[in-house]
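Scroll down for the structure; my scribbles are underneath it.
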Amino acid sequence: QVQLVESGGGLVQAGGSLKLSCAVSGDTFSTSDMGWFRQAPGKGREIVATIKWSVSRIFLAESVKGRFTISRDSAKNKLYLQMRSLTPEDTAVYYCAAQSRGAADFNYWGQGTQVTVSS
């Protein structure tokens, strides 16, 4: 089992920055991929960024490319999403997710942290 707890969300003005954190605990060695997803009110879940350690591959959604970056501090067992140049369209609940080795999809999810960007 893997447990994920997000933090760092809040209210920020357009053009500002936020850094989200995801504390990872449990059987962390079984985790291969990590990612951030978001869901705005009335909309479906949207992928934001993923990271694959084994092949050093990072994916960023087109909507956030050039503004967001994903990283992980293995010593602290934390995943980060650094967000800058935020716009109201970035307003959503942001979820940390993990994929077990051998799993077809992300199968562990945090409770989410609210990010609200005001104009």
Side-chain angles (χ1 to χ4, degrees):
Q1 295 290 322
V2 175
Q3 293 80 45
L4 307 171
V5 180
E6 304 95 333
S7 63
L11 177 64
V12 64
Q13 293 179 312
S17 300
L18 279 177
K19 187 175 184 178
L20 305 183
S21 297
C22 175
V24 186
S25 61
D27 189 11
T28 58
F29 188 76
S30 69
T31 300
S32 59
D33 298 353
M34 298 289 295
W36 288 96
F37 295 77
R38 66 186 182 186
Q39 186 168 17
K43 299 179 65 177
R45 183 181 63 194
E46 175 189 21
I47 192 168
V48 176
T50 63
I51 183 169
K52 298 183 179 181
W53 288 102
S54 62
V55 295
S56 299
R57 177 174 292 177
I58 295 173
F59 168 82
L60 295 170
E62 187 66 28
S63 61
V64 305
K65 192 174 296 183
R67 300 187 298 120
F68 293 10
T69 189
I70 185 172
S71 62
R72 182 176 187 268
D73 186 334
S74 59
K76 297 182 178 180
N77 291 122
K78 287 190 175 181
L79 181 74
Y80 302 102
L81 182 67
Q82 178 65 61
M83 307 182 291
R84 64 180 180 86
S85 300
L86 286 161
T87 73
E89 287 71 34
D90 295 315
T91 295
V93 177
Y94 284 71
Y95 297 92
C96 179
Q99 182 175 3
S100 301
R101 296 185 186 277
D105 299 295
F106 287 87
N107 56 335
Y108 293 101
W109 299 86
Q111 292 298 305
T113 185
Q114 177 71 48
V115 172
T116 303
V117 184
S118 64
S119 60

Determine yes or no for a side-chain-to-main-chain donor-acceptor pair under 3.5 angstrom, with [X] supplying the side chain and [Y] the backbone.
X      : Y      : answer
Thr113 : Tyr94  : no
Arg67  : Ser85  : yes
Gln39  : Ala92  : no
Asn107 : Ser100 : yes
Thr116 : Leu11  : no
Arg38  : Thr91  : no

For residues [X] and [Y], report the shortest heavy-atom separation together with the two atoms involved.
X     : Y     : value
Ser63 : Glu46 : OG-OE2, 3.7 Å
Ala49 : Leu81 : CB-CD1, 4.4 Å
Lys78 : Ala23 : CG-CA, 4.3 Å
Leu20 : Gly9  : CD2-N, 3.6 Å

If you measure from [atom1] on [X] to [atom2] on [Y], what distance do you get to the nearest 0.5 Å?
X     : Y     : atom1 : atom2 : answer
Arg72 : Asn77 : CZ    : CG    : 5.5 Å
Thr50 : Leu60 : OG1   : CG    : 8.0 Å
Ile58 : Met34 : CD1   : CE    : 13.0 Å
Leu4  : Thr31 : CG    : OG1   : 7.5 Å
Leu18 : Gln82 : CG    : CD    : 8.5 Å
Ser32 : Gln99 : OG    : CD    : 5.0 Å

Stepwise, does the side chain to side chain contact (heavy atoms under 4.5 Å, CB included) test hold for Gln1 with Tyr108?
CA-CA 8 Å; Gln1 295 290 322; Tyr108 293 101; 3.5 Å; yes
ILVMFWY cluster, Val48 and Leu86 together (side-chain gap under 4.5 Å):
yes
Using the rule that two of Ile, Leu, Val, Met, Phe, Trp, Tyr join whenever any of their side-chain heavy atoms come within less than 4.5 Å, decide whether Val117 and Val93 are in one cluster.
no
Any chance you could lay out the side chain to side chain contact (heavy atoms under 4.5 Å, CB included) test for Val115 and Asp90, step after step, and finish with the verdict?
CA-CA 8 Å; Val115 172; Asp90 295 315; 5.5 Å; no
Walk me through it: do Met83 and Val64 pass the test side chain to side chain contact (heavy atoms under 4.5 Å, CB included)?
CA-CA 9 Å; Met83 307 182 291; Val64 305; over 6 Å; no
Can you tell me how the ring of Trp109 sits relative to the ring of Tyr95, calling it parallel under 30°, perpendicular over 60° and tilted otherwise?
perpendicular
Does the pair Phe37 and Phe106 meet the rule for a side chain to side chain contact (heavy atoms under 4.5 Å, CB included), with working shown?
CA-CA 10 Å; Phe37 295 77; Phe106 287 87; 3.8 Å; yes
Would you call Trp36 and Cys96 a side-chain contact if the rule is heavy atoms closer than 4.5 Å?
yes
